[in-house]
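Quick notes on the structure that follows.
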Protein chains: 2
Amino acid sequence: MADVPATGLQLRSLVKKEGVLEISLATVPVPEPKPEEVIVRIEASPINPSDQGLLFGGADMTTAKVSGPPASPVVTATVPPAALKAVAGRLDQSMPVGNEGAGVVVRAGSSPAAQALMGKTVAIVGGGMYTQFRCIKAVQCLVLPSGTTPAQGAGWFVNPLTALGMVGTMRAEGHKALVHTAAASNLGQMLVKICLKDNVPLVNIVRRPEQVATLKAIGATHVCNSSAPTFMDDLTDALATTGATIAFDATGGGKLAGQILTAMEAAINRTAKEYSRYGSTTHKQVYIYGSLDRGPTEFTRTFGAAWGIGGWLLTPFLQKLGQEGTQKLRERVAAEITTTFASHYTKRVSLAEALKLDEIAVYGKQATGAKYLIEPNRG
Amino acid sequence: MADVPATGLQLRSLVKKEGVLEISLATVPVPEPKPEEVIVRIEASPINPSDQGLLFGGADMTTAKVSGPPASPVVTATVPPAALKAVAGRLDQSMPVGNEGAGVVVRAGSSPAAQALMGKTVAIVGGGMYTQFRCIKAVQCLVLPSGTTPAQGAGWFVNPLTALGMVGTMRAEGHKALVHTAAASNLGQMLVKICLKDNVPLVNIVRRPEQVATLKAIGATHVCNSSAPTFMDDLTDALATTGATIAFDATGGGKLAGQILTAMEAAINRTAKEYSRYGSTTHKQVYIYGSLDRGPTEFTRTFGAAWGIGGWLLTPFLQKLGQEGTQKLRERVAAEITTTFASHYTKRVSLAEALKLDEIAVYGKQATGAKYLIEPNRG
């Protein structure tokens with residue numbers, strides 16, 4: 001307990017009503033934990049695409065400027081009027097950021113459950129993880145298997161549970177195979193491994209030829225490159241082979257969701273026995289769970305009447321699944337954290353380094369293969 | 001039975017594989033009904049938007065030409081390559097057209113059920129109604145209330161059941177109010193009357209100011225004109241007042257579906273207590289049930305993650321509802337056929353007249369207020 005300081009740094013994102021984003025490092029007191037709580041010294045927390053909405057607040061980061069001393073930089077950028085409208089609910093509130101992380105329990109409340117965690121390496125979720133010391137309830141901590149480092153455990157929740165949630169949704173909605181876009185991503189590679197283990201046919205859609213190789217190398221069977229001139233035919237073939245009628249799309253904008261539905265309909269109609277004027281009666285579903293392309297979604301309705309496009313989020317999925325089901329998924333992730341659910345980071349940065357404009361320019365792109373890990377207590 | 005001829009005229013639509021649509025009148029034998037069947041002399045059958053896909057086969061009707069004698073015209077038109085792909089399943093098959101109709105039973109099979117219908121005015125559904133004599137099972141006939149004319153009963157199925165299906169879907173999916181587009185249509189006016197009777201809050205979206213007046217005149221409370229500069233504000237107000245979170249969209253193409261979701265989200269957020277980074281958790285749904293605008297659907301995802309856009313068709317709704325539930329709806333329609341479910345036709349035409357280019361130019365537009373009734377045995 002002696003080496004826990006009185007205060008720690010915490011990353012904050014603030015959107016001012018005049019349309020200015022301000023990202024800064026606040027010095028906040030390390031609280032005294034209540035009986036059921038512990039203090040986790042956060043050693044690692046990933047920058048996921050799902051963190052960036054809150055972090056950047058819809059700002060145009062090409063307008064970003066940095067000021068202040070190197071140890072305590074302040075990034076400012078302009079939030080365009082349309083984006084400002086979308087974040088009306090958070091204006092002038094300084095928000096902590098960071099969905100998930102891992103670290104060591106350095107102080108514990110008086111309850112036995114909290115005391116039992118002292119010195120343990122734990123993974124946690126719940127926001128505000130881009131911070132040096134995070135107070136959290138003991139029951140919310142997942143103790144990592146012995147020998148697991150915080151860096152290995154930091155990305156334990158968002159990507160693994162989302163990938164498992166896709167397979168779970170596929171099953172719950174009566175489909176037998178699935179499609180995933182931006183499939184070479186960290187999450188996409190986990191999904192490939194889950195589907196191999198669980199014998200679920202998976203159609204991967206990537207945007208570059210080298211990503212086809214990446215996925216084939218870890219055992220993927222069907223990988224379609226959307227930049228290839230044969231894409232629609234390749235996709236229809238893979239859909240006919242697998243029978244996939246549900247897709248999870250990370251891109252959101254553009255024509256991809258509609259192309260998937262069109263290819264699904266074409267694959268189904270290959271075996272149709274008679275003409276159905278309203279298209280096939282098999283329900284075809286695309287869930288948009290990301291927004292790598294922030295532009296509008298556009299589709300031509302050439303896939304009959306039995307189709308749906310919708311938003312998908314992890315939280316409502318877990319709520320529907322219930323506590324027991326969720327606990328099973330968490331335990332699977334812990335058991336396979338260095339295999340199925342291993343994350344690969346291209347760069348590790350301190351809180352102050354995460355605010356450098358040249359780093360923001362890299363991780364802000366959300367490009368496949370450029371994944372950052374924040375180490376709040378680094379250096 | 002003496003006045004039933006040996007043959008009758010039947011409208012046929014044929015798309016040839018070389019990309020030519022051919023609409024013609026075939027002379028077909030009037031069959032001898034089996035014991036459980038009857039022959040209905042069709043007196044009236046509406047041209048619904050849902051008939052036009054099969055009728056025109058995706059052809060570009062601005063290229064239409066007519067040939068043959070006036071009593072037996074043949075309309076030909078070009079089917080563009082993209083549309084030809086969408087109708088691959090029906091190429092080179094001569095298809096009868098016309099979803100629903102009404103007429104008089106002029107011949108009956110030997111079973112008591114069939115015999116009981118002799119001379120009765122009945123409403124029927126099942127395709128191939130643009131014909132002079134339609135053979136159908138006795139159990140499929142709905143006997144119209146005494147005094148109801150075939151013209152009054154002809155549109156008994158598609159629009160009434162679709163309107164009732166929207167209210168049924170709203171209830172089944174847990175919404176408490178609904179939105180309808182192209183709301184001044186024949187179907188839209190039925191929906192206004194149903195919702196008034198059943199106390200269901202309804203937000204009507206129309207495209208012209210005079211349509212606002214039409215709907216107000218029959219008792220509609222909320223009518224928003226999408227061509228007004230205040231449309232989005234008007235719509236958000238109406239959604240906030242009614243709490244509508246489900247919409248049925250007849251237009252399909254363009255930005256309207258996305259605008260409705262955006263306005264729903266804004267209406268919900270008016271009463272939000274704290275900032276939710278992924279938007280409201282209330283599910284917002286738009287069902288596309290028509291294609292008045294055949295262009296692409298486009299939306300900007302500014303309505304959180306709890307949303308869906310999908311196709312909607314009457315048949316799967318009725319299948320889910322089951323036979324007993326469907327029968328109740330049919331009985332309601334029969335009882336209210338001259339009130340709630342009254343249809344208004346702007347023109348009545350014979351089969352040959354329906355093939356005149358100047359008539360096709362009018363009803364082919366699917367414009368609100370231009371509804372045609374075919375009277376196959378006219379003149």
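Each chain gets a letter, A, B and so on, in the order the sequences are listed, and its residues count up from 1.
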Exercise. What are the residues of residues 86-93 of chain B, in order of number, with any heavy atom under 4.5 angstrom from a heavy atom of chain A?
Worked result: Val87(B), Gly89(B), Arg90(B)

If you look at every heavy atom in [X] and [Y], which pair is closest and at what distance?
| X | Y | result |
| --- | --- | --- |
| Ser94(B) | Leu14(B) | N-CD1, 3.8 Å |
| His283(A) | Trp307(A) | CE1-C, 3.5 Å |
| Ser13(B) | Val97(B) | CB-CG2, 3.9 Å |

For this session: Report the residue from Asn99(A), Ile124(A), Ile374(A) that forms a side chain to side chain contact (heavy atoms under 4.5 Å, CB included) with Met129(A).
Result: Ile124(A)

For this session: Would you mind telling me which of Ser50(A), Ala266(A), Gly304(A) has the largest number of heavy-atom pairs within less than 4.5 Å of chain B?
Result: Ser50(A)

Problem set entry | Top of Trp312(A), Tyr287(A), Phe299(A), Tyr278(A) for chain B proximity - count of heavy-atom pairs under 4.5 angstrom | Phe299(A)

Heavy-atom contact with chain A under 4.5 Å, split by part of [X]:
| X | result |
| --- | --- |
| Ser291(B) | both |
| Thr302(B) | neither |
| Ile288(B) | side chain |

Expected output: side-chain [X] to main-chain [Y] donor-acceptor under 3.5 Å:
| X | Y | value |
| --- | --- | --- |
| Lys284(B) | Thr282(B) | yes |
| Asn48(B) | Asp51(B) | no |
| Arg134(A) | Gly126(A) | yes |
| Gln52(B) | Tyr363(B) | yes |

Seminar exercise, completed: Bottom line for Thr315(A): the part with an atom under 4.5 Å from chain B's heavy atoms is neither

Heavy-atom pairs under 4.5 Å with chain A - which of [options] has more of them than the others?
| options | result |
| --- | --- |
| Asn269(B), Ile309(B), Leu261(B), Val286(B) | Ile309(B) |
| Glu265(B), Glu298(B), Gln285(B), Met95(B) | Glu298(B) |
| Gly308(B), Ala305(B), Gly53(B) | Ala305(B) |
| Gly253(B), Pro316(B), Ala306(B) | Gly253(B) |

For this session: Decide, yes or no, whether a salt bridge links Asp293(B) with Lys255(B) under the criterion of side-chain N to carboxylate O below 4.0 Å.
Result: no

Exercise. Is it the case that Thr78(B) and Asp60(B) place a side-chain donor and acceptor less than 3.5 Å from each other?
Worked result: no

Problem set entry | Nearest-0.5 Å distance that lies between atom OG1 in Thr251(B) and atom CG in Leu256(B) | 4.5 Å

